[in-house]
Amino acid sequence: MRWLQARIEPTNRKKQAALRLLALLLCALYLAVTLLSAAYLLAHVNHVHDNSGPGGACATCLHIASAKTLLKTLSSAVAAVGVAFSAFAFVLRLRPRYRLAGGGSPVTLKVRMNN
């Protein structure tokens with residue numbers, strides 16, 4: 001049975017490493033988008049309007065509006081994920097451990113088998 005466990009473990013480690021790397025990349029992407037959008041907003045707070053954009057609108061104002069919308073959307077999405085994760089962690093904390101580990105064996109559950 002040990003040879004089977006030895007064959008299974010490296011793939012699980014690779015999957016865990018890949019998931020961790022993906023999570024790290026998503027966090028870095030979120031941080032980059034948030035910081036760059038905020039930097040753009042701060043850099044163009046007091047800009048001079050040029051009405052030569054599409055339809056006579058100011059191109060910088062359009063970009064500022066889209067950056068504000070992006071920041072609002074991302075912040076509400078992160079807040080929703082945070083609330084969902086907190087609720088999930090709270091529910092997991094309430095459940096007994098033997099159910100999380102696949103039900104456990106009769107020995108770990110201290111079940112007597114009297115026939």
query = So, the side chain of S37 versus the backbone of T34: is there a donor-acceptor pair under 3.5 Å, distance only?
reply = no
Cluster check L36, Y40: I/L/V/M/F/W/Y, side chain < 4.5 angstrom = no
note = In this structure, OG1 of T69 is separated from CG of L74 (nearest 0.5 Å) by 11.0 Å
ask   = Do you reckon Y30 sits in the same ILVMFWY cluster as L71, going by side-chain contacts under 4.5 Å, direct or chained?
value = no
Nearest-0.5 Å distance that lies between atom CG in L29 and atom CG in L25 = 8.5 Å
